[in-house]
Each structure stands twice: as structure tokens, then as C-alpha cells.
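Below: one structure, written as C-alpha cells.
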Amino acid sequence: MTDIYLYNTKTRTKGQQFTPIDDKNVRMYVCGPTVYDRAHLGNARPVIVFDVLNRLLRHVYGDKHVTYVRNFTDVDDKINARAAESGRSIGDITDETIQWFLDDMGAVGAIEPCHMPRATAYIAPMVAMIEDLIAKGHAYAAEGHVLFSVSSYAEYGALSGRSVDDMIAGARVEIAPYKRDPMDFVLWKPSDADTPGWDSPWGRGRPGWHIECSAMAHDLLGAQFDIHGGGNDLTFPHHENEIAQSKCAGHDFANVWLHNEMLQVEGKKMSKSLGNFFTVRDLLDQGVSGEVIRLVMLSTHYRKPMDWTETKRKEAENTLCDWISVLQKHGYSAKTVEMLKAAGDWTADVELMGVLGNDLNTPGALARLHVLSKGRTAEALAPFAHGLETLGLVSDWSAVEASASERDDLADWIAPVIDRLLVERSTARADKNWGEADRLRDLLNASGVQVTDIAGEATWAQGPDFDPSVLEALI
RNA sequence: GGCGAGUUGGUAGAGUGGUUAUGCAGCGGAUUGCAAAUCCGUGUACACGAGUUCGAUUCUCGUACUCGCCUCCA
């Protein structure tokens, strides 16, 4: 069995081996998106990171023994603003955005979590939790708001390593007349007639952001669960506040906290003002495949800042192309994989899984894949193929087979023309007319056709720059 | 100001108290009519200073620089 070690933000160490509370039901909660717009590339990082962890946990504990929850925050002032400016209903916007998110994340190979709760479906548990916090003296109502009293929780700041005194000195906190303490944060806030609201003991209103995750995690995973994940920008205040709420409500909450580092683009923070802001959908539309996006993401460890660059995109495209062609050469298809499974040859590479289990060392796992890809037979390549599938880089083996024969999709005139040119070249070569032979080869290369000579036999394949119009112009 | 992370060879990027990361690029070789493709081989690396140690890129402390968060942006 693969041992798993995870860096726990709470203890700031990789520490001891991961041991689930219940190995028949390993539970993980990851903060999902606020649904008001297309997911940008940075949004994809935690999705992919925790998808890898989900796959690893399933590998180790079994598909049936992992519960993965990722929420949708579908009540938020940004959504309200988007609705107001577009004139569309909030429901329309959130429904559409959720579908976009699922499509885009599916494209980068993310398996859907077991549960994807919407915050608006959990208002009642949130209200109940807030009432409980008030009853226990950790929260108070004021002017239609309910606030969490930070001073009532002695360990506030433990996750992020901050002290309340320091933060107040920093003075970047919102001062409001209804707050007893500037650090107190909102659990419930009043809604006017134009904003979505639900009836509550404190009047019509809507929940604060932090209480959503506490309530949904509790409802779906129980008072104590194994892993809580998210981007490291959420460490404070979001996760700190979740912990305060849940602990004060009497829940043990998450054992292990994981945070991925941020994503940059060409060395700079992705931002609209720098003009380097783009969504996952933008890349897909440009023809960058989801697998390529995923491979680039996996090439940097999740706890380090990752830089998205054009160079990396290109390299990932080449690597993926090489890997797939290795498998195609050995006739990989859905049937091949089935046969390997039947023969008991569909096994994980122990070293690869070990590397992955060591705090999700995906760059190390990719290095191992490079080594495994040197296998000489279909059987010898099984751990390689298995590894590709485990990392989510290949999900459909019949597609691998299909792309090997995509020559069939070319226009009818192309293949015969290329074949004729190759025959002419063979004749020239037989006559030792090297000038003519090379002219024909250069012509094919110029149009992006790869000519490969093996044992005197010439074959061809479309290169990445294949352009039939160049071929047409040259003949 | 507070908190945290990082600094590895041309480049990307792992890792380790003494032993080959890996990819790309480069160089050499096999192969080829010449190439391409493929295969094999190959590197001068661990910011700086001090300390611990038989031995540190790897541990400790300090310095410099970079970056992130503290603004309900993952």
C-alpha cells in the first residue's frame, strides 16, 4: 500500500503519515468557486491539485471509500452586482456559471466530487449553526447582522500564524458601528428588497461567506473529517474563520489543512490590468488541450508558485504528443487496457505512487513517467499507461487509438498525393538521385508532413504544423 | 508594519547529511546516401556569510534579493 504524507498548514510540517479517521470513508472538503464568471486559469490549479489527491486517495483506499466535497458559493455580492449590471436573474447567472465550471474542469481532467453543494441549498443548517453560536456566546446579533466574536475563541489565528493584536495593529479591518471588536466577522447580514434574502431570527438576510463552508462541511462530512483544502489565499481569513466557527460550535473539524500556492503568468501575477488575464475556456478555444493545461499544472509542485508560460505550454504539448505516440506504437486502445487488466498486468508503478504519496510530488511523478515511457513492449508500458491514467492525463483509451488513425479525417486528396510523392522519392533514391529525393522530402517537410525512413521504408505523419494548403501550393 | 514562502546547472523543475533526478536545449556516438525520427552516452548546479559535523547544496543562525497573503481573488 502506498503511504501518504501531506504537508499540514496547521502544523507546518509534513510530519507523520496520513491516517484517515475511517479508512472506509476518507473525507475531504475543498473550497469551490464563487459562481459569477468563467473560471480563470488560477481557479484551475486547486481543482487539479485536489483532483490528483482525490485520485491518490481512491487508489489507496478504494473508489467507494473516499468522500470528496467541493461547494459552489452561489450567494455573494459579486453575483448580485453581476445580476444588477446585466439585468439577468441571479439564478440564471449561477446556473450558467456552474455548468461552465463543470465543463471547463472536466476538460482539464478533473473527476467530479461526490458532492457539489450549493450554498443556497444549505441556508437552514447555516441559520441553525449561527443560532447555536449565539447560544454558546460566540456570536451576537446587532442591527440585523450577526457577528462572530473573535475574542471568544482563544486559538483564533493558529492556522495562519497571526495574533489578533498584530492584525489590529495592521488595521486593515473594516470598522463598523455594530461591531464590538474590529476583528469580528459577519455570519449573517441583512438584505434589502433588491438582494436575495431568507427569513431568519434576525430578519430577512443572507449568510456571510465563511459560515457557508462550515455548515456544508458539517452537513455532508460530519463534525470531524480528514482533509480541508483550498488556495493559500484562503488561509486567512476564510479558513481561520471556518475553524473558529466550527470549533466553537463544538465540531472537531478538519485534521489536515492543505493549501496550494498561487499561479502567475509569464512571471507576473495574473491580472486584468496587466493584460495577462485569461480563462480556462480561452485556452481551450485557442486549441490548447485540457491535458496540456493539466500537464503544465502538474509540472510544478502544488506548494510552490507556478508560472504559466508559453514555453511550458509548448513543451507540455510535445511531451504529451511523444507519450501518446509511444502508446500508439504499441497498439494501445481500450481493448488493450482491458486485456492487460484481465491478464493482471494493469498495475501501478510502486515508485511512482510512492513519489506521489510524498506530499503530491507531481513533478517527481512526471519524471518517473518519463523513465517508464521507455518500456519496449505493451506489457512493459502498462505501468506507464496506468500512471498516465492515475494522473488524469489520459481518460479515454479509445481516443488514444482513434487519434492514431486520424489520417482518415484528412481530405481525400491529401493521402494519395503524399503517397505518390513518397513513391517518386523512393524511385529517386533507388536511382541515387539524391537531389530529387531531397527536394521531395523538403517539399513535404515544408507543409508540415513528417517523413520517417525506417529500414529503407518511408512513412509519413502529420506534424504539429501540418498545413494542406502549403502542400497544395507546392505540388 | 504583521505573517509566510522561496533563491538548485543554459532553461524548467524534483530531491538528498557522503551515492545518476527528470524534461527541453547543447555536445558526442549509433543509425542514415545526407538528414529527420529513434536509441545510447554526456554537464560546469545547489544566493552569500558563519556555525554544527569526519563530511552540508541538504541541519542551525544571520545577510541579501524575490514573491505571496493580510482587500469575502483559488
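Just so it is clear: chains get the letters A, B, ... in the order the sequence lines come, proteins before strands, and each one is counted from 1.
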Residue L234(A), side-chain heavy atoms: nucleotide from rA74(B), rC70(B), rA21(B) that is nearest: rA74(B)
Near-strand residues of residues 43-55 of chain A, defined as heavy-atom separation under 4.0 angstrom from RNA chain B: N43(A), P46(A)
Between rC73(B), rC72(B), rA14(B), which one does the side chain of K189(A) approach most closely? rC72(B)
ring-ring contact (aromatic ring centres under 6.0 Å, His included) with Y302(A): which residues, sequence neighbours excluded? none
Would you classify G161(A) as touching base, sugar-phosphate or nothing, given that sugar-phosphate means primed atoms plus P, OP1 and OP2, and contacts are heavy atoms under 4.0 Å? sugar-phosphate
Output the pairing pattern of RNA chain B as a dot-bracket string, 5' first, Watson-Crick or G-U wobble with both distances under 3.5 Å, | for cross-strand pairs, [ ] for crossing pairs. (((((((..(((.....[...))).(((((.......)))))....(((((..]....))))))))))))....
Remember a base hit wins even if backbone is also touched, and classify L263(A) as base, sugar-phosphate or nothing at under 4.0 Å, heavy atoms. base
Which of parallel (below 30°), tilted (30 to 60°) and perpendicular (above 60°) describes Y156(A) and Y153(A)? perpendicular
For a quick check, with a 4.0 angstrom heavy-atom cut-off, what is the B/S/- contact string for nucleotides 24-43 of chain B, read 5' to 3'? S--------BBBB--S----
Using ring-ring contact (aromatic ring centres under 6.0 Å, His included) as the criterion, list what pairs up with W202(A), not counting sequence neighbours. W188(A)
Please determine whether any donor N or O and acceptor N or O are separated by less than 3.5 Å between the side chain of H40(A) and the base of rA74(B). yes
Any pair with a residue in residues 372-386 of chain A that passes side chain to side chain donor-acceptor pair (under 3.5 Å), sequence neighbours left out, goes on the list, sorted by first then second residue, please. H386(A)-T390(A)
Ring-plane angle category for W209(A) and H238(A), please: parallel below 30°, perpendicular beyond 60°, tilted otherwise. parallel
Which nucleotide in the list rC70(B), rG4(B), rG15(B) gets nearest to the side chain of R12(A)? rG4(B)
Atom CD of residue position Q16(A) - does it have more than 12 heavy atoms of other residues, nucleotides or ligands inside 6.0 Å? no
Dump every N/O contact between nucleotides 57-60 of chain B and the protein below 3.5 Å, one line per pair.
none

For A83(A), which residues count as a side-chain contact (heavy atoms from CB on, under 4.5 Å) partner, sequence neighbours excluded? I90(A), I93(A)
Which pairs pass salt bridge (Lys or Arg N to Asp or Glu O under 4.0 Å) with one or both residues in residues 315-327 of chain A, sequence neighbours excluded? R313(A)-E317(A)
Side-chain N or O of K312(A) closer than 4.0 Å to phosphate OP1/OP2 of rG23(B): no
Picking from rU22(B), rU7(B), rA74(B), the nucleotide nearest the side-chain atoms of V371(A) would be rU22(B)
For E457(A), does the CD atom sit with more than 12 other heavy atoms under 6.0 Å from it, leaving out its own atoms? no
Would you kindly say whether D233(A) and T235(A) are connected by a side-chain donor-acceptor distance under 3.5 Å? no
Please list all pairs meeting salt bridge (Lys or Arg N to Asp or Glu O under 4.0 Å) that have one or both residues in residues 353-368 of chain A, counting only residues at least two apart or in different chains. R303(A)-D359(A), D349(A)-R368(A), E351(A)-R368(A)
Residues R206(A) and S191(A): closest non-hydrogen pair is NH1-OG, 3.1 Å
Just to be sure I understand the geometry, which residues of residues 225-233 of chain A put a non-hydrogen atom under 4.0 Å away from RNA chain B? G230(A), G231(A), D233(A)
Whether D51(A) and R294(A) form a salt bridge (side-chain N of Lys/Arg under 4.0 Å from carboxylate O of Asp/Glu) is what I want to check. yes
Taking salt bridge (Lys or Arg N to Asp or Glu O under 4.0 Å) as the cut-off, I'd like each qualifying pair that reaches into residues 138-161 of chain A, sequence neighbours left out, listed once. none
Do H40(A) and F278(A) make the cut of ring centroids closer than 6.0 angstrom? no
